[in-house]
Structures are given as structure tokens and as C-alpha cells.
Number of protein chains: 4
Amino acid sequence: METCKSSRREREKLRQRQDVLDVALQLFSDKGYPNVSMHEIAKEAEFAIGTLYKFFRNKEDLYKALIMQLSDRFYGAITEVIESDAPEIEKLRTYVRVKGELFRNNLAAIRLYFEETRGARFRVLAGTEREIRKRHQSVLLSLAAIFERGMNRKRFRRIVDPFHLALALDSMANAFLFHWIEDPQGNPYPENPDIILNILFKGLIGP
Amino acid sequence: METCKSSRREREKLRQRQDVLDVALQLFSDKGYPNVSMHEIAKEAEFAIGTLYKFFRNKEDLYKALIMQLSDRFYGAITEVIESDAPEIEKLRTYVRVKGELFRNNLAAIRLYFEETRGARFRVLAGTEREIRKRHQSVLLSLAAIFERGMNRKRFRRIVDPFHLALALDSMANAFLFHWIEDPQGNPYPENPDIILNILFKGLIGP
Amino acid sequence: METCKSSRREREKLRQRQDVLDVALQLFSDKGYPNVSMHEIAKEAEFAIGTLYKFFRNKEDLYKALIMQLSDRFYGAITEVIESDAPEIEKLRTYVRVKGELFRNNLAAIRLYFEETRGARFRVLAGTEREIRKRHQSVLLSLAAIFERGMNRKRFRRIVDPFHLALALDSMANAFLFHWIEDPQGNPYPENPDIILNILFKGLIGP
Amino acid sequence: METCKSSRREREKLRQRQDVLDVALQLFSDKGYPNVSMHEIAKEAEFAIGTLYKFFRNKEDLYKALIMQLSDRFYGAITEVIESDAPEIEKLRTYVRVKGELFRNNLAAIRLYFEETRGARFRVLAGTEREIRKRHQSVLLSLAAIFERGMNRKRFRRIVDPFHLALALDSMANAFLFHWIEDPQGNPYPENPDIILNILFKGLIGP
DNA sequence: CATGAATGAGTCTTCATTCAT
DNA sequence: GATGAATGAAGACTCATTCAT
């Protein structure tokens with residue numbers, strides 16, 4: 001009974017913490033980290049300001065927790081794809097498709113996440129930033145390994161450095177997705193991952 | 001004489017304004033927009049705080065002016081390349097090379113610029129943002145036109161939508177350059193633009 | 001049986017209340033009243049925060065109770081000495097000795113007590129302060145009476161107003177003790193009460 | 001002219017700073033350091049809150065500056081007396097009289113000062129506290145030297161350790177003055193310094 | 001009856017902006 | 001026209017206290 005009670009409490013607390021994170025995600029994504037006050041988050045999440053500080057030591061902490069949670073989610077989904085034992089081409093196709101789905105289903109999160117990843121959020125993310133870069137690097141290396149294996153198995157022509165291919169694939173996927181966000185009609189990416197892969201797979205010049 | 005005097009005044013004033021912008025660029029890039037105070041800019045630029053407000057209506061205004069000036073510089077250089085009448089392949093190669101040079105020679109500006117362009121500095125840039133996106137879109141369209149013409153002239157195989165190729169080229173250039181910033185040894189891009197073009201030009205699969 | 005049970009409860013409750021006071025004394029003395037939170041006291045005393053508010057209406061109340069308890073203890077010990085029927089000189093000597101022992105054995109309490117008595121802890125002690133001053137005054141009057149009686153019995157020369165002597169003795173004892181706290185080597189007071197009495201008893205000038 | 005202007009500015013600023021210190025002294029003395037907000041000081045001194053932070057880096061800084069200023073004033077006046085070349089007895093008499101005048105003319109300051117000196121103001125005064133104790137110790141040593149010299153010159157009987165006499169004199173003066181503050185009628189000290197000296201000078205027992 | 005999660009008033013502090021000199 | 005002292009709104013965070021469980 002004790003356990004049950006404490007467990008319910010625990011679950012309840014986690015749920016509330018998540019509520020705060022959800023609200024914070026939306027606000028940070030809409031208005032930017034410095035333009036959102038703790039009071040605003042508290043009000044929107046329907047908690048007293050003091051309660052926020054039960055969940056997170058300070059504003060920065062809340063932000064870091066949010067970013068790391070998003071990173072966990074994205075990195076987890078991507079890693080799952082990459083580590084499957086599908087054939088190389090299939091893996092790449094799935095990678096692009098899953099990435100597209102992540103974008104479509106987590107728009108606010110994506111905006112915030114890339115603001116953090118690309119545009120240096122200064123002083124806010126010491127520590128977290130390193131971890132995120134490490135994960136991104138690890139994804140790139142995994143992609144490079146896929147290309148490498150594909151080359152070894154004569155599935156791909158060994159034309160370019162595999163790591164460069166990884167970098168190219170990743171950046172193209174991002175760019176197509178950002179473009180799709182701005183102009184969903186003009187860019188059918190998330191529906192059709194092959195658009196991106198075609199660019200990589202078929203050479204432009206001859207034969 | 002009046003004109004001459006006022007003109008000298010005018011020039012003087014513009015020079016001072018530019019001094020402020022230069023200082024602001026460095027500070028914003030180093031510490032991030034919200035972490036730089038108007039006092040800090042004034043002190044670093046050796047102006048009285050009040051004088052800053054003669055040049056710019058407020059902090060946001062100064063920021064927008066800075067971003068637009070950077071955009072002018074980059075957009076100008078890129079446009080020049082694109083609108084030359086060199087052969088298509090040469091144009092693309094020059095585009096990639098010039099972009100690389102812009103990165104190498106304007107690191108602070110680039111960091112700030114991309115923080116703004118990608119990681120949306122929210123609410124800060126209403127208005128300016130639209131103009132910048134328009135310019136970016138225009139560059140993409142020009143690139144697409146180059147691909148299109150190249151296809152018409154049978155220089156390129158008509159495999160992918162030209163606009164998608166433009167998007168791909170642009171994003172790959174950015175990604176390689178960012179990667180080069182983080183790890184200058186591991187990525188020879190700005191020295192050798194062909195790395196990027198190769199990915200696009202030679203197909204991976206196929207004879 | 002009811003009485004017995006309720007009495008046990010009562011005793012238990014008093015013991016717990018005392019536990020809280022003991023913890024509070026240590027914390028207040030170590031860190032100062034405003035730097036100790038009710039949560040800290042509760043945690044240290046191993047009670048729920050709500051339970052504290054069963055014992056004391058609020059933080060100020062707890063503080064007042066603590067100060068009054070210390071006052072009771074000190075005042076009680078001092079009064080006992082003063083009201084004994086020893087000879088005057090012996091009484092004064094015992095007074096000084098007992099005061100020294102109180103200091104030595106209740107350092108934390110003494111620090112807190114004097115912070116309150118001398119350096120007025122403003123607004124915190126309305127009401128309590130009056131009572132404490134009354135007690136202090138009463139001790140001074142008793143000491144004065146001892147001097148007075150000593151004079152009547154020709155044990156002391158009637159040179160100075162007895163109340164002034166009381167004031168002098170009390171303040172000297174305090175000063176020597178505070179000095180001893182700061183520099184236990186340089187001041188042998190608590191070991192040797194006569195140091196203080198000598199100053200009072202033997203004149204510097206003459207006969 | 002430049003110099004004149006800047007000097008006037010300088011003087012003006014110092015006067016304003018002093019205004020703030022005066023207001024702060026009164027408020028801190030009346031209500032205690034933690035019970036006075038920066039807003040309250042600002043309002044009372046008729047400055048905007050931001051202006052306070054031009055004069056003092058933070059609340060603690062303002063407090064330290066205040067305490068040190070008081071210390072300077074008191075310590076200066078006392079030192080002047082002690083270092084004069086009057087006869088020993090005269091010096092001691094002047095010391096007691098000047099101390100009395102300081103109390104009478106600086107009641108608020110005295111309350112605050114002793115709150116700081118005696119009742120440990122925790123964490124607020126790191127650094128400043130050491131300096132103040134040093135000064136107090138130096139005064140005691142000077143007084144002890146006066147007693148010592150008086151003994152050498154056979155003005156005083158060598159009955160007690162001179163430093164102990166210094167401690168005694170200082171503490172008695174404080175005690176009489178505090179008593180006078182509480183009950184100005186019952187204690188004529190500041191009018192008649194000899195009351196205190198008599199206790200020290202004429203032995204109670206003897207001749 | 002004990003508990004401790006939740007509350008929110010109140011604190012210190014920063015900094016964009018103004019305006020008298 | 002330049003200056004920089006003065007302003008005060010707004011934000012992060014603490015902690016005494018309450019009350020539903």
C-alpha cells in the first residue's frame with residue numbers, strides 16, 4: 001500500500017513535470033527562450049511559480065531538461081533505424097522517412113532543437129551542448145558506416161568519402177524538411193523520401 | 001559649401017554608425033543577442049549611450065540593421081556569381097567557392113546570420129525575416145534556373161527537379177562549412193569545392 | 001486510563017517540541033535567524049513541515065519560544081545564585097562563576113541570546129523583548145541590592161551608586177566572556193572569576 | 001571649466017550617495033537589515049531603484065559601505081583622543097566623554113553598529129567584520145597602553161593586567177551608554193563621565 | 001492526526017530607454 | 001548635437017504558510 005501510494009505520487013509528479021515541459025516547449029518554440037518568463041510558463045501550465053521550482057532548479061535547468069528530452073526522443077528513434085539489420089539502401093530510406101515523420105509530428109520541438117543545435121544558444125547550454133554534438137556526430141558516423149558497408153558490398157560506387165555522404169544526406173534531409181515546413185505544398189518530402197535519395201543515388205552527369 | 005559640409009557630416013555619421021555595427025557584430029556573435037547590453041556596445045564602440053539611439057531607434061533596430069547589412073553583403077556576393085554568364089558548371093563551382101570564402105572571411109557574421117536564419121530568433125526579426133527569406137528563396141530559384149538551363153543544354157541529366165537540386169546544393173554547402181568550422185582538419189571544403197559538386201554530379205549507383 | 005494516555009501523548013508532544021527547539025537553536029546560532037528556513041529546521045529535526053506549525057504558530061513564534069526558554073534557563077540559574085543567603089562577596093563571586101559556566105556550556109545559546117538582547121533583532125521580538133529586559137533589570141536590581149547590603153554591613157566602601165556597580169559587574173562579565181570566546185587563550189576568565197572582581201574590589205588609585 | 005564641471009558632478013554624486021547611506025542607516029537601524037528592501041531605501045531616499053545600483057553594487061555592498069563609514073567615524077574620533085599627548089587620567093576621561101558624545105549624537109548608527117559588532121550578522125559581513133574587530137582590538141590595546149604607562153609613572157597602582165582594565169573600561173562605557181539609551185533619566189553617564197572612572201579608580205575595598 | 005505538495009507575495013537585480021544639461 | 005545620469009518595468013527565484021489527503 002505504501003509502495004502503491006508512493007508510486008502513484010511518483011507517477012503523478014512525473015506527469016506534472018511533463019506537463020510543464022510540454023508547455024515550455026510550446027512557449028520556447030513560439031517566442032524564444034529569453035522571451036518566455038517562468039511566470040508565463042507557470043501560468044500556462046496552471047501551476048504556481050513555486051511549483052515549477054520543485055521540478056526544476058532554475059530556468060536554465062528546465063530548458064536543458066527539455067532539450068535533452070527532445071534529443072533523447074529524436075536520437076532514440078534515429079538510432080533504432082540505423083542499428084536495424086536491414087539492407088543498406090533500405091536503412092537509408094527508412095532513416096529519411098523516420099526523420100521526416102519526426103519533423104511532421106514534432107514541429108515545435110524541431111524548431112527549438114535546431115535553434116539550439118545550429119544557432120549557438122550562448123551560455124545557456126554548457127554541458128548539454130557537448131552531449132548533443134556527440135550524438136549528432138555519432139549519427140553521422142553510423143550513416144557513414146552504412147555507406148561504407150554498401151560500398152564494400154558493391155551496392156554503392158566508391159566515389160566520395162562515406163562521411164561526406166553522411167553529412168550530405170543529413171543536411172539535405174534537414175533542408176528539405178525546413179523547406180517543407182515553410183511551404184508544405186512546394187515540397188513533397190515527407191511523403192516521398194526517395195526525392196532526397198535520388199539526388200544521392202543517381203548521378204547527374206552521364207552516362 | 002553647405003552641401004559639402006553637410007555631406008562631410010553625413011559621411012562622418014555613416015562611418016560612426018558603421019563602427020557601431022562592427023562592434024555589435026562581434027559582441028552579438030560572441031555572446032548572443034540577449035547577453036549583450038546597449039551599454040556594452042556603446043562602451044566598446046566608444047560612444048555615449050545616447051548616441052547609439054541617434055543611430056538606431058532601439059536595440060532591435062540595431063540588430064535588424066546589422067542582419068540586413070550582412071544579408072546585403074552575402075546576397076550581393078552570391079548574386080554576382082549567379083548572374084554572371086559563365087557556363088553552368090562553372091557557375092555552380094564558383095557559387096560553392098564564393099560561399100566558402102564568405103564563411104572563412106566572416107565567421108562572426110556567419111554565426112550570427114545563421115542563428116537568425118535557421119534557429120529563429122523569435123519576435124526579434126518580424127519584417128526583416130520576411131525579406132531575408134525572400135532573398136534566400138531568390139538564390140534558390142536562380143540556382144534552380146542554372147540547373148534547368150544545364151539540363152536544357154544537355155549538360156545535366158534531367159533526373160531530379162531542378163529546384164530540389166538547388167536546395168540540395170545550398171544545404172550541403174552550409175553543412176560542410178559548419179562542419180569545417182567545428183573541425184577544420186577533418187573537412188577540406190573551402191579549399192576544394194569539388195567535394196560537394198562531386199556528390200551531386202556523379203551518381204552513386206549506376207554505371 | 002484516558003488521563004494516562006493523554007498524559008503520555010502530552011509528554012511525547014512536549015519532547016518533540018523540545019527537539020525542534022534544540023535543532024532551531026543550533027541552526028539559528030550557526031546561520032542567523034533570517035538565513036534559516038522552516039524547511040531546514042523541519043528536515044534537521046526530522047519532522048514534516050506541517051508538524052512544526054502544530055507546535056508553533058509561525059517562524060517568529062518558534063523564535064520567541066526559543067529565546068524565552070533560553071532566558072528562563074539563564075535567568076533561573078542566575079536568580080538561584082543571587083537569592084541564596086551566602087555572604088555578599090561570596091554571592092558576587094558565585095554570580096560571576098555561574099555566569100561563566102553558563103557561557104561555556106551554552107555557546108550557541110549565548111550567541112543567539114546576545115544577538116537578540118544587544119543587537120536588536122528588530123520587529124522580531126515585540127513583546128518578548130519587554131519581558132527579557134524586565135528580567136535583566138531585575139537581575140541588575142538584585143545585584144545592586146547585594147552591593148547595598150554589603151555597604152550597609154561595611155563590607156564595601158560606599159563610593160559609587162550600587163546600581164552602577166551592578167551595571168559595571170554585569171557588563172564586565174559579559175565583555176570578558178565574549179573576549180574569551182574569541183580568544184580563549186588570552187583571557188582566563190571562566191577559570192578565574194576573581195579577575196573581574198579584583199577590578200571592582202581593589203581601587204586603582206590610592207589609598 | 002571641464003575640471004570644475006566634473007568636480008561639481010563628483011561632489012553631487014557623493015552627496016547623493018551619502019543621502020542614500022543616511023536613509024539606509026535610519027531604516028536598517030529601525031527595522032533590521034533583512035527587513036529593509038532596496039525598494040524601500042530607494043523610495044525613502046527619493047531615488048529610482050536603478051540609481052541605487054549606480055552607487056552600490058548590491059544590497060550587501062551598501063550595507064558594508066554603511067558599516068565601514070560608521071566605523072571610520074567612530075574609530076577616527078576615538079583614535080584622536082587616544083593618540084593625544086594628554087596625561088593618562090585625562091586621556092581616559094576624554095575617551096569616556098567622547099564615547100558618550102558619539103552615542104548621544106549617533107543613536108541609530110550605534111544601534112546598527114553594535115548589532116553588527118556583537119550580535120553576529122551572519123554571512124553579511126565577511127571581510128568587513130575582520131577589519132572592524134581589528135580596529136576594536138587596536139583601541140583596546142591603546143587603552144591598555146595608557147594604563148600601562150600610568151602604572152609606570154606611578155599614577156596607577158599595578159593591580160590588574162592593563163589589557164583587562166582596557167576591556168573593563170570599554171565594556172562599562174558601552175553598558176552605561178546602552179542603559180542610558182533605555183532610561184535616560186536613571187543614568188547620568190554622558191553628562192558625567194567620572195561615574196565610570198570612579199568605579200575603576202577608587203577601590204571598593206581598601207584602602 | 002501527520003504529512004508535504006502547492007501556493008504566491010515579495011526580494012534583489014538588470015537593462016533598454018529617456019531627457020535635462 | 002552629444003552626453004550619461006536617472007528611470008522603472010520586468011524577471012528569476014525564495015520561503016513562510018496552508019490544506020487536501
Side-chain angles (χ1 to χ4, degrees), chain A residues 5-6 8-10 12-13 16-17 34-43 45-63, chain B residues 9 12-13 16 34-43 46-63, chain C residues 9 12-13 16 33-43 46-63, chain D residues 5-6 8-10 12-13 16 33-43 46-63:
Chain A
K5 211 172 178 178
S6 131
R8 191 162 55 73
R9 278 275 167 100
E10 208 63 27
E12 171 78 356
K13 181 165 178 173
Q16 291 181 331
R17 201 187 117 109
N35 305 313
V36 176
S37 76
M38 290 298 266
H39 267 99
E40 195 172 354
I41 297 173
K43 199 176 173 187
E46 295 181 301
F47 285 107
I49 180 71
T51 307
L52 253 63
Y53 285 84
K54 286 279 184 297
F55 298 131
F56 308 96
R57 219 163 1 120
N58 51 39
K59 191 182 177 187
E60 191 181 326
D61 217 53
L62 159 51
Y63 184 68
Chain B
R9 280 269 173 114
E12 171 74 357
K13 181 165 175 173
Q16 292 182 334
N35 303 315
V36 175
S37 74
M38 290 297 268
H39 269 99
E40 196 172 354
I41 298 173
K43 197 177 174 186
E46 297 179 300
F47 284 105
I49 181 72
T51 310
L52 251 64
Y53 283 83
K54 289 283 182 293
F55 297 134
F56 309 97
R57 225 173 348 131
N58 51 37
K59 191 182 177 186
E60 192 181 325
D61 216 54
L62 159 52
Y63 184 68
Chain C
R9 281 269 173 112
E12 172 74 356
K13 181 165 175 173
Q16 292 183 333
Y33 176 78
N35 304 314
V36 175
S37 74
M38 290 298 269
H39 268 99
E40 197 172 353
I41 297 173
K43 199 178 173 186
E46 295 181 303
F47 284 105
I49 180 71
T51 309
L52 251 63
Y53 283 83
K54 289 284 184 290
F55 296 135
F56 308 96
R57 222 169 354 124
N58 51 37
K59 192 183 177 185
E60 193 181 324
D61 216 54
L62 160 52
Y63 184 67
Chain D
K5 211 171 175 179
S6 131
R8 191 161 56 72
R9 276 276 168 99
E10 207 63 26
E12 170 77 354
K13 183 165 176 172
Q16 292 182 333
Y33 176 79
N35 305 314
V36 176
S37 76
M38 289 299 267
H39 268 100
E40 195 172 355
I41 297 173
K43 200 176 173 186
E46 295 182 301
F47 285 107
I49 180 71
T51 307
L52 253 63
Y53 285 84
K54 287 280 184 295
F55 297 131
F56 308 97
R57 220 160 3 117
N58 51 40
K59 191 183 176 185
E60 191 181 324
D61 216 54
L62 159 52
Y63 184 68

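Residue numbers begin at 1 in each chain, while the letters A, B, ... track the order of the sequences.
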Item to check | For atom CD1 of C/I41 and atom C1' of F/dC15, their distance in whole Å | outcome: 12 Å

Checklist outcome for this item: F/dG11 -> Watson-Crick or G-U wobble partner, both distances under 3.5 Å, gives E/dC12

Checklist outcome for this item: Assign each of A/V36 and C/R57 the nucleotide of DNA chain F bearing its closest heavy atom; nearer the 5' end lies the nucleotide of A/V36

Checklist entry - Looking at E/dT17, E/dG10, E/dC15, which one has an atom nearest to any side-chain atom of B/S37? => result E/dC15

Next on the checklist: What is the distance, to the nearest angstrom, from the CD atom on D/E46 to the P atom on F/dA6?
Outcome noted: 14 Å

Item to check | Residue mapping more 5' on DNA chain F - nearest nucleotide basis, C/Y53 or B/G50 | outcome: B/G50

Item to check | Interatomic distance where CD1 belongs to D/I49 and C1' belongs to F/dA5 [whole Å] | outcome: 16 Å

Item to check | Spacing of C/K43 atom NZ relative to E/dA2 atom C1', expressed in whole Å | outcome: 19 Å

Next on the checklist: Tell me the interatomic distance from D/L62, atom CG, to E/dT13, atom P, rounded to whole angstroms.
Outcome noted: 10 Å

Checklist entry - What pair of heavy atoms forms the shortest contact from D/N35 to D/E40, and how long is it? => result O-OE1, 3.9 Å

Checklist entry - For the residue pair D/I49 and D/H39, what are the closest heavy atoms and their distance? => result CD1-N, 3.8 Å

Item to check | Nearest heavy atoms of D/Y33 and D/K59, plus distance in Å | outcome: O-NZ, 3.1 Å

Item to check | Closest-nucleotide ordering on DNA chain E, the 5'-leading residue of C/H39 and D/M38 | outcome: C/H39

Item to check | Identified pairing partner of F/dT21, criterion: Watson-Crick or G-U wobble below 3.5 Å | outcome: E/dA2

Checklist entry - Could you give the CG-to-C1' distance, from D/L52 to E/dT14, as a whole number of Å? => result 14 Å

Checklist entry - When all nucleic acid strands are considered with a 4.0 Å heavy-atom cut-off, which category describes A/Q16: base, sugar-phosphate, or nothing? => result sugar-phosphate

Checklist outcome for this item: For A/N58 and A/D61, the nearest pair of non-hydrogen atoms, with its separation, is OD1-N, 2.8 Å

Next on the checklist: Whole angstroms only, please: what is the CZ-C1' distance between A/F55 and E/dA5?
Outcome noted: 9 Å

Item to check | Gap between atom CD of A/Q16 and atom OG1 of A/T51 - 0.5 Å precision | outcome: 8.0 Å

Next on the checklist: Which nucleotide wins on minimum distance to the side chain of A/K54, given the candidates F/dT3, F/dC13, E/dT7?
Outcome noted: E/dT7

Checklist entry - Out of E/dT13, E/dT7, F/dC13, which nucleotide sits closest to the side chain of A/T51? => result E/dT7

Checklist entry - Whole Å only: how far is the CG atom of D/N58 from the C1' atom of E/dT11? => result 13 Å

